[in-house]
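A quick write-up on the structure given underneath.
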Amino acid sequence: YLDSQFFFIMVNQTYANADEHDPSFYPGKNHFDLFPNEENERVFKGVVSSGKPHFEYAKPFEYEYNPERAVTYWDWSLIPVKDKYGVVDGLILTLLNVTKRILTEISLRESEMKYKGLFNGIRDSILVADTDRKIINCNPAFTSLFGYSLNDIVGKPTLYVYENEEQFIELGNAIKKHVADSTPFFYTVNYKKNNGDVFPGETGIYYLKDSDGEVFGFIGLIRDITEKLRVEKDLKDSEVKYRNINTELEKINNMKELLLDIMSHDLRNPAGAISGLAELAIEENPEDEIIQLIKSASDSLLQVIEKATILSKVALDEEIEKEELDLSKLIRQVINEFKTFLNSNGMSVEYQPLEALTIKANSIISEVFRNYVSNAIKYAHIGNRIVIEQEIMNDVVTVYVKDFGKTIPIEEYDNIFERRVQLSKVEKRGQGLGLAIVKRIAEAHKGEVGVKPNEPNGNIFYLKIPHK
């Protein structure tokens, strides 16, 4: 408590302890003789003159006479006390030291910047919480899985995302059990999405430590294992039924869809986790060849799974992710893939790429050119060459793949990119499935495919796609 000239009248024991003095030290001394600060002094004078209270949150403060105490952070309020005439004759100053919380937040922000790429890119859902198990952050995979944005849940207890309090307490006990040595561990509990759906989540818990080795929070990597458990149950239930599956070709074909589902869903998550954790391990042990091998192998597996997944999305007209790609570089890579095949068929490719030709696309777009070049080699090798050209017009890039074989009749043009359509008057180009996928890939990029006659003979297959 201070008078209107900012001389201490009395302080409580908590205030005195924070400044490392006895309460008797303060009465009669001026606040700004002990804690000089021009900005705060203006605030104090403003409260006296206006009669209105003032509040500050996480205000930094440095002791001028004790700089070794470093910067501290305070929530504080200044409440005017008025006499019977409404004149301010005293002030009540309350302070709350929030330094630990602010330093924790700063430490977390620094850590977040360091691992931002991994944090946002990893396919597992990530939830970050403090030692009170209040939510601090989450990654895009978490918002996609749970249906909450960061703003929806930040500051809330993690209880918010569990099926019930029992599950929350169960994982909390496991966290406490491992906190002494801070070793990461995995645990499965039930979570609840924003829409109320409950699912089993395999959770990897990792402890966050400050520079002194003190735990200040946790990272939880959450993987929805609903599909995994379903497949395991299905496999157990069908174990007897399919005991002789290896000898029955028809039954193997019936399992294709299930096996693809396992590959695209149940392999991606563990492979992504392995890759992410290997990347963290490489940062700590950059010379460890075994870890590098694990990282390389898991990334290769993810590429295979990703390609299969993208083709499935294209076939089902689902949205696919896109990024900026160098189209000329991508076409050159496709040509290089076919070098051996071209040579064995006595064919050559003529291609003069445009410089700095960038498009926003998914790398699956390369399948269009693979299909065009492959078909030209198979069905137009009599022409001995393939010509690939590009042009940009009205923000649209058009790539032409020209062959010099037999010309496809014009009446076939409308159907050639339809599924299961076969050509009748020229050599059959498969069952039309490849070109049907090509069309779907183009449409997924807001593009267009087509074919027209070449001169003097042959065909020009083309792809039109937006430029950037």
Could you go step by step and tell me if His31 and Asn40 meet the side chain to side chain contact (heavy atoms under 4.5 Å, CB included) rule?
CA-CA 10 Å; His31 181 277; Asn40 288 347; 5.8 Å; no

Go through the side-chain N and O atoms of [X] and [Y] and say whether any donor and acceptor fall under 3.5 Å apart.
X      : Y      : value
Glu170 : Tyr187 : yes
Ser149 : Asp152 : yes
Thr72  : Thr99  : no

Heavy-atom closest pair, residues [X] and [Y]:
X      : Y      : result
Pro53  : Ile79  : CB-CD1, 3.6 Å
Val11  : Ala16  : CG2-CB, 4.4 Å
Pro27  : Pro23  : CD-O, 3.2 Å
Cys138 : Phe142 : CB-CD2, 3.6 Å
Val47  : Lys52  : CG1-O, 3.3 Å
Pro157 : Ile135 : O-CD1, 4.1 Å

Using modelled atom types only, decide if a donor and an acceptor are shared between the side chain of [X] and the backbone of [Y] within a distance under 3.5 Å.
X      : Y      : value
Asn194 : Phe146 : no
Asp33  : Phe7   : no
His467 : Thr358 : yes
Asp22  : Ser24  : yes
Asn30  : Gln5   : yes
Thr131 : Phe216 : no
Asp3   : Gly90  : no
Glu163 : Val198 : no
Asp326 : Lys329 : yes
Ser50  : Gly46  : yes

For atom NZ of Lys193, is the number of surrounding heavy atoms from other residues, nucleotides or ligands below 6.0 Å larger than 12?
yes

Taking NZ in Lys322 as the centre, count heavy atoms belonging to other residues, nucleotides or ligands within less than 6.0 Å. Is the count above 12?
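Count over threshold, so yes.
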
Nearest 0.5 angstrom please: [X] [atom1] to [Y] [atom2], how far?
X      : Y      : atom1 : atom2 : answer
Ile441 : Asn371 : CD1   : CG    : 8.0 Å
Leu277 : Ile282 : CG    : CD1   : 11.0 Å
Glu202 : Leu221 : CD    : CG    : 10.5 Å
Arg332 : Phe369 : CZ    : CZ    : 13.0 Å
Lys156 : Lys134 : NZ    : NZ    : 11.5 Å
Leu171 : Thr203 : CG    : OG1   : 6.0 Å

Test item: [X] and [Y] side chains (from C-beta on) under 4.5 Å apart, heavy atoms:
X      : Y      : result
Ile365 : Ile465 : yes
Val215 : Ser182 : yes
Leu208 : Val128 : yes
Tyr1   : Tyr15  : no
Ile359 : Pro466 : no
Leu229 : Glu232 : yes
Ser328 : Gln390 : yes

Would Tyr207 and Phe218 count as a close aromatic pair, with their ring centres under 6.0 Å?
yes

Run Gln13 and Asn17 through side-chain hydrogen bond (donor to acceptor under 3.5 Å, both in side chains) and show every step you take.
CA-CA 6 Å; Gln13 186 64 52; Asn17 291 343; 2.8 Å; yes

Between [X] and [Y] (salt bridge meaning N to carboxylate O under 4.0 Å), is one present in this structure?
X      : Y      : answer
Arg370 : Glu367 : yes
Lys100 : Glu214 : no
Glu41  : Lys45  : yes

Between Leu150 and Asn137, is a side chain to side chain contact (heavy atoms under 4.5 Å, CB included) present by the stated rule, with each step listed?
CA-CA 7 Å; Leu150 178 60; Asn137 205 352; 3.5 Å; yes

Mind running salt bridge (Lys or Arg N to Asp or Glu O under 4.0 Å) on Glu105 and Arg101 for me, showing each step along the way?
CA-CA 6 Å; Glu105 292 175 358; Arg101 174 173 64 83; 3.1 Å; yes

Where does the angle between the aromatic ring planes of Phe44 and Trp76 fall among parallel (under 30°), tilted (30 to 60°) and perpendicular (over 60°)?
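Because their plane-to-plane angle lies in the 30° to 60° range, the rings of Phe44 and Trp76 count as tilted.
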
So Phe6 and Phe32, would you call those rings parallel, tilted or perpendicular, with 30° and 60° as cut-offs?
perpendicular

Is the positively charged end of Lys464 above the ring of Tyr462, judged by distance under 6.0 angstrom from the centroid and angle within 45° of the axis?
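Relative to the ring axis of Tyr462, which defines the angle, Lys464 lies inside both limits.
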
Could you list the residues that satisfy ring-ring contact (aromatic ring centres under 6.0 Å, His included) with Tyr57, not counting sequence neighbours?
none

Worked verdict on Asp19 versus Leu34 for side chain to side chain contact (heavy atoms under 4.5 Å, CB included):
CA-CA 10 Å; Asp19 196 37; Leu34 298 178; 5.5 Å; no

When you look at Thr183 and Phe185, which way does the side chain to side chain contact (heavy atoms under 4.5 Å, CB included) test go after all the steps?
CA-CA 6 Å; Thr183 55; Phe185 67 94; 5.7 Å; no

List the steps, then state whether ring-ring contact (aromatic ring centres under 6.0 Å, His included) holds for Tyr73 with Phe61.
CA-CA 6 Å; Tyr73 297 85; Phe61 179 79; over 10 Å; no

